[in-house]
Amino acid sequence: MSENETKPVDFIREIVKADLESGKHTSIVTRFPPEPNGYLHIGHAKAICLDFGIAEEFGGTCHLRMDDTNPEKETTEYVESIKEDVKWLGFDWGDNFFHAVDYFDRMYDCAVQLIKQGDAYVCELSQEEWKDYRGVPTRPGKESPFRNRPTEESLDLFSRMRDGEFDDGTICVRAKIDMASPNLHMRDPVIYRVMRAHHYRAGDKWCVYPTYDFAHPLEDSFEGITHSLCTLEFEVHRPLYDWALEKLDIFRSRQIEFARLNLTYTVMSKRKCLKLVQDGHVDGWDDPRMPTISGLRRRGYTPESLKTFAKRVGITKVESVTEVELLEHCIREELNRTANRVMAVQNPVKVVITNYPEGQEEVMTCVNNPEDESAGTREIPFGKEIYIEMDDFMEEPVRKFFRLAPDREVRLRYAYIIKCNEVIKDSDGRIKELHCTYDPETRSGGSSTRKVKGTIHWVPAKHAVPAEVRLYDRLFTFERPEEVEEGRDFTDYLNPDSLKINEAMVEPSLADAAPGTRVQFERRGYFSVDPASAEGGLVFNRIVSLRDSWGKAQKQ
Ligand code: ATP
Ligand code: MG
């Protein structure tokens, strides 16, 4: 059984399994509830794999819900990108696509019910005053002077709040819970506030908005969510979540928290991602250096590699930081199995094989994937003029340089051994061409046993296709850009060399490569054809280099 078929085991799945076995639930309903205030990132992918994965494994359903209760930063563009990303990962919400904002009438009624029950009240303390009333965890807070106002008065004020009689921030509805609770979230938290903002979906219908802590349990309950999975920072909010459902006496969803994904050399907060985009540090949300799902997709990551990664990271209650090398290892391992090998020459220099007959061409048969025989072979013409990489030649070779140099020999992959006889330069002293001779006895696969130390790749000058190669590196030079020291900003640690662009000549088989095609450039790494190629001109993104530091470390 391959790794992706084995079922993951973790404490959340144990709970779900037990709830089915005990008959507490007959079917499982989970949800993935992003706020449409940015593009999804690799951390969200972990949550998506968990929410949708559990529903799939236990024959349940998973809802995709826009948690759009905060009008200020939400847009339709983000909604669409979220749908696209979840779909691309291979998950299906069926008919279960929801907007929290569509529940606002019901949520409003819930707040009214709490007021009527004596479990909520309208409070007119300013935010500044409230800081003083709320107190600190070690000392009980003070009760709001409005806490025990008549129910009728609160109901009247709440409806006038909704009708727009009050200014933002001057008045709110509070749950009446416990001003002595050591959990500050239980000290009469705000459940509704006045906010005049245009909502991308509800327009100007509302000027009162529920707070996240009040809205979230209701959304889950309205949808019959059995297991509401979220990251650890919500643990302290759980008592309020449970309180709301209990007081309203509606379906009891259960919130369970797990540790969020943190990755080295990566920022994952949406606020920081937005800053990178807005300040032009990257070229949009789908820049291949971004930790966003759209960025990873554009870079060339596959949905399978992200799922494998999520599975290997696993689900726990312990905060930790995962090495980005593990993510790279997952895609490398997959592409090693699935990507065809090709020859692509970056920073090309022309080689003229002076003793090769003018006008002659022969066809070299090349293996597409040594890991997969069924991938077959392809043919590359070889002729008098070829390109090799400038980096594979040194005019004054250093020690241990075994590639091409004056009077030295090297093997051309799938072809012959050549020797460099002459370096041709232009008037500025730059190398223009290398004149070489080949040894006709040494054709690859032939009878000659002659060996040289180095083998390099090449492309035929006559048939090569020009391309642009974008070499991406880490966006940050610092391992934990999310934990920078006081007085520093995470953007201080941006890697100035995170993108390098090379001119290249690639083998003719790539001439019509469709955007999204993934290949291994022999000796150089895995690359994918960028969507920009559709506008004419091949563009390749480097997904990862070939060096697997994570896999290597595991073997030691
Ligand atoms: P941010 O905190 O960066 O603003 P967010 O986490 O609040 O973003 P949401 O849209 O609220 O973004 O997230 C949707 C879901 O994804 C939540 O249930 C959240 O717990 C989960 N999630 C967000 N970030 C991560 C992460 N790094 N690892 C795992 N799950 C995550
Ligand atoms: Mg959040």
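Quantities reported herein were computed from a predicted structural model and do not represent experimental measurements. Counting starts at 1 for both ligands and their atoms, following the listed order. Counting from 1, the numbers follow the sequence of the chain as shown.
- For atom 13 (O) of ligand 1, the choice among Glu257, Arg260, His44 with the nearest heavy atom turns out to be His44.
- Counting heavy atoms of neighbouring residues, nucleotides and ligands inside a 6.0 Å radius, atom CG of Asp492 exceeds 12 of them.
- Applying the salt bridge (charged side-chain N to carboxylate O under 4.0 Å, His left out) test to residues at least two apart or on different chains, the pairs with a partner in residues 166-180 are Asp168-Arg196.
- Between atom 28 (N) of ligand 1 and the options Leu274, Ile42, Leu261, the minimum heavy-atom separation is to Leu261.
- Not counting sequence neighbours, the partners of Tyr493 by the ring pair (Phe, Tyr, Trp, His ring centres under 6.0 Å) test are Phe478.
- In this structure, Glu233 falls outside the shell of residues with a heavy atom less than 4.0 angstrom from ligand 1.
- Annotation for ligand 1: atoms under 4.0 Å from non-hydrogen atoms of Thr231 are 19 (C), 20 (O), 29 (C), 30 (N), 31 (C).
- Residue-to-ligand polar distances keep Phe32 apart from ligand 1: every N/O pair is separated by 3.5 Å or more.
- Panel note: side chain His41, backbone Met268; a donor-acceptor pair is recorded below 3.5 Å.
- Remark: ligand 1 and Lys270 share an N or O pair separated by less than 3.5 Å (distance only, no angle test).
- Remark: ligand 1 atoms within the under-4.0 Å shell around heavy atoms of Ser269 are 3 (O).
- Comment: Glu128 engages Lys131 in a salt bridge, judged by a side-chain N to carboxylate O separation of less than 4.0 angstrom.
- Less than 4.0 angstrom separates some heavy atom of Ala47 from each of these atoms of ligand 1: 16 (O), 21 (C), 30 (N).
- Within 6.0 Å of the NZ atom in Lys317, the count of heavy atoms belonging to other residues, nucleotides or ligands exceeds 12.
- With 3.5 Å as the limit, one finds a donor-acceptor pair spanning the side chains of His99 and Tyr200.
- Looking at ligand 1, you'll find an N or O of Glu35 within less than 3.5 Å of one of its N or O atoms.
- For a threshold of 3.5 Å applied to N or O pairs, the pair formed by Arg271 and ligand 1 contains no separation below that value.
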